Peer 1: 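This is the structure, below, for whatever I ask next.
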Amino acid sequence: SRISWLPVQGESKVPVDVFGSGPHVIDVGARFGDKLTVAVGAEPERIEWAVATAREARRAAGLDPESMDIGAFVVVGAGADQLALDELARGNASISAHFQRNATSSLSRSDATVVEEVTSRYDNYHHGLEHAAQAEVIPADFLHRFCVIGSPDHCVECLCELVELGLSHLVIVGGSREIDATVRERSDHLVAKEVLPAVQAVELPVGPS
C-alpha cells in the first residue's frame, strides 16, 4: 500500500527498523533496512550469532558490515523475588519464543522443543498473557536464559554483555498487562532508575545512535 500524502517536500525518509529472528529475515533486514532489531532471546551466543549473520549478509552485499545499526528485543524484569519475576516475564517471553518458530534449526534441540510446544499451543486471543497456554509451558531454565530477569545488578551485567557484542540499541519490554501491578511497577521502577542509566553509560562499540 502507499501513504498517499508522502513524500512531503523537505521531510526526511522514515527509517525502517526490521525485526528478525531467523537467518532469512536477518539477512534481508541487514541488506535493506535502516536498522535491524534481532528477536532471538538474551543469551550471548544467540545475540552473537544474529550479529554475525547480519554482518555477513552486509559483507556479501558489498556493504560495510560495521555500519549497520543492530539492536536486540529483550524481555527484562528487575527485582528480588525470582518467582514473581518469572511470572512477570512469562507472557512476553512466550511472544518472543514464538518468533523463533521458523528458525528452530539455529536452536539447541531442547530449546527447539520448547519453541515447538509454545507454537503448538499458541492462543492469539491470549497473546502475551501470563496464564495463556503458550506461556505456561515455558520451563524456568529456558525463561532464565531467554530473558534478563533478576536483581538490578544482574540485569545490568547481562545487558552490558549483550551491548558489548556489537549492539547499538535495545528494545526492552517488561511484564504482561495482567501481571500484579505492584510487581510490574516495582520492576519498571528499578529498570528505569537503576538498570537503564547503567547500561546507557556503556560506550557503544558500533552504530550511529
Side-chain angles (χ1 to χ4, degrees), residues 15-61 63 65 68-77 88-124 126-130 132-149 158-159 161-176 206-207 209:
V16 176
D17 186 353
V18 179
F19 278 56
S21 300
H24 298 302
V25 176
I26 290 173
D27 179 281
V28 171
R31 288 186 290 119
F32 298 108
D34 298 300
K35 293 184 177 183
L36 173 67
T37 301
V38 299
V40 295
E43 289 182 275
E45 296 82 3
R46 294 285 293 149
I47 297 293
E48 193 170 32
W49 166 80
V51 171
T53 299
R55 288 179 174 168
E56 179 54 37
R58 289 183 64 78
R59 189 177 292 109
L63 302 170
M68 185 71 182
D69 187 342
I70 304 173
F73 174 98
V74 187
V75 179
V76 178
L88 175 87
R90 190 173 294 280
N92 282 332
S94 70
I95 298 173
S96 194
H98 190 47
F99 288 163
Q100 318 301 306
R101 62 191 180 279
N102 295 320
T104 54
S105 62
S106 64
L107 301 174
S108 68
R109 183 61 252 169
S110 60
D111 283 356
T113 299
V114 173
V115 170
E116 289 162 1
E117 183 73 2
V118 167
T119 298
S120 70
R121 293 172 177 262
Y122 211 86
D123 175 5
N124 288 315
H126 294 99
H127 177 74
L129 299 185
E130 171 197 359
Q134 63 267 21
E136 293 184 336
V137 300
I138 298 177
D141 72 296
F142 181 94
L143 198 66
H144 297 163
R145 289 182 291 105
F146 203 70
C147 305
V148 174
I149 47 178
C158 291
L159 292 174
E161 183 178 2
L162 298 185
V163 168
E164 289 167 0
L165 293 174
L167 300 181
S168 56
H169 67 273
L170 294 168
V171 175
I172 291 177
V173 295
S176 56
V206 296
S209 61

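This structure is a prediction, so every number in the text was calculated from the model and none was measured.
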Peer 1: Test side-chain contact (heavy atoms from CB on, under 4.5 Å) on Leu170 and Val163; report intermediate values, then the result.
Peer 2: CA-CA 8 Å; Leu170 294 168; Val163 168; 4.1 Å; yes
Peer 1: Would you mind reporting whether Leu167 and Val51 have side-chain heavy atoms less than 4.5 Å apart?
Peer 2: yes
Peer 1: Tell me, do Trp49 and Ile26 make a side-chain contact under 4.5 Å, heavy atoms counted?
Peer 2: yes
Peer 1: Find the distance between CZ (Phe142) and CD (Glu117) and round it off to the nearest 0.5 Å.
Peer 2: 12.0 Å
Peer 1: For the residue pair Ala54 and Leu36, what are the closest heavy atoms and their distance?
Peer 2: CB-CD2, 3.5 Å
Peer 1: For the residue pair Cys147 and Ala93, what are the closest heavy atoms and their distance?
Peer 2: SG-CB, 3.6 Å
Peer 1: Quick check for you: to the nearest 0.5 Å, what is the distance between Ile70 atom CD1 and Leu165 atom CG?
Peer 2: 11.0 Å
Peer 1: Nearest 0.5 Å please: distance from the CD1 atom of Ile172 over to the CZ atom of Phe73.
Peer 2: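 Between Ile172 CD1 and Phe73 CZ, I get 10.5 Å after rounding to 0.5 Å.
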Peer 1: Does the Ser21 side chain pair with the main chain of Ala39, one donor and one acceptor, at a distance under 3.5 Å?
Peer 2: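 Side chain of Ser21 to backbone of Ala39: a pair is present.
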Peer 1: Could you tell me the separation between the CG atom of Leu162 and the CD atom of Glu48, rounded to the nearest 0.5 Å?
Peer 2: 10.5 Å
Peer 1: Please report the closest heavy-atom contact between Arg90 and Ile138, naming both atoms and the distance.
Peer 2: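 In terms of heavy atoms, the two residues are closest at NH1-O, 2.6 Å.
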Peer 1: Enter the distance from Thr37:OG1 to His169:NE2 here, rounded to the nearest 0.5 Å.
Peer 2: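 Answer rounded to 0.5 Å: 3.0 Å.
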Peer 1: Is the shortest side-chain heavy-atom distance between Ile149 and Leu143 below 4.5 Å?
Peer 2: yes
Peer 1: Can you give me the closest heavy-atom contact between Gly174 and Asn92, atom names plus distance?
Peer 2: O-ND2, 2.6 Å
Peer 1: Determine the minimum heavy-atom distance between Asp34 and Pro15, stating which atoms define it.
Peer 2: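 Reported closest heavy-atom pair: OD2-CA, 3.3 Å.
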Peer 1: Is there a side-chain contact between Val114 and Val137, using heavy atoms and a 4.5 Å cut-off?
Peer 2: no
Peer 1: Sequence neighbours excluded, which residues qualify as ring pair (Phe, Tyr, Trp, His ring centres under 6.0 Å) partners of Phe19?
Peer 2: none
Peer 1: Is it the case that the side chain of Arg58 and the backbone of Arg55 share a donor-acceptor pair, with hydrogens and angles ignored and the cut-off at 3.5 Å?
Peer 2: no
Peer 1: Could you check whether any side-chain N or O of Asp27 sits under 3.5 Å from a backbone N or O of Ala57, counting only pairs where one atom can act as donor and the other as acceptor?
Peer 2: no
Peer 1: So, for Ser96 and Gly41, which heavy atoms are closest and what is the spacing to 0.1 Å?
Peer 2: OG-N, 4.4 Å
Peer 1: Roughly how far, to the nearest 0.5 Å, is CD of Glu43 from CG of Asp111?
Peer 2: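 Rounded to the nearest 0.5 Å, the CG-CD separation comes out at 6.0 Å.
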Peer 1: Does some side-chain heavy atom of Arg46 sit less than 4.5 Å from a side-chain heavy atom of Leu107?
Peer 2: yes
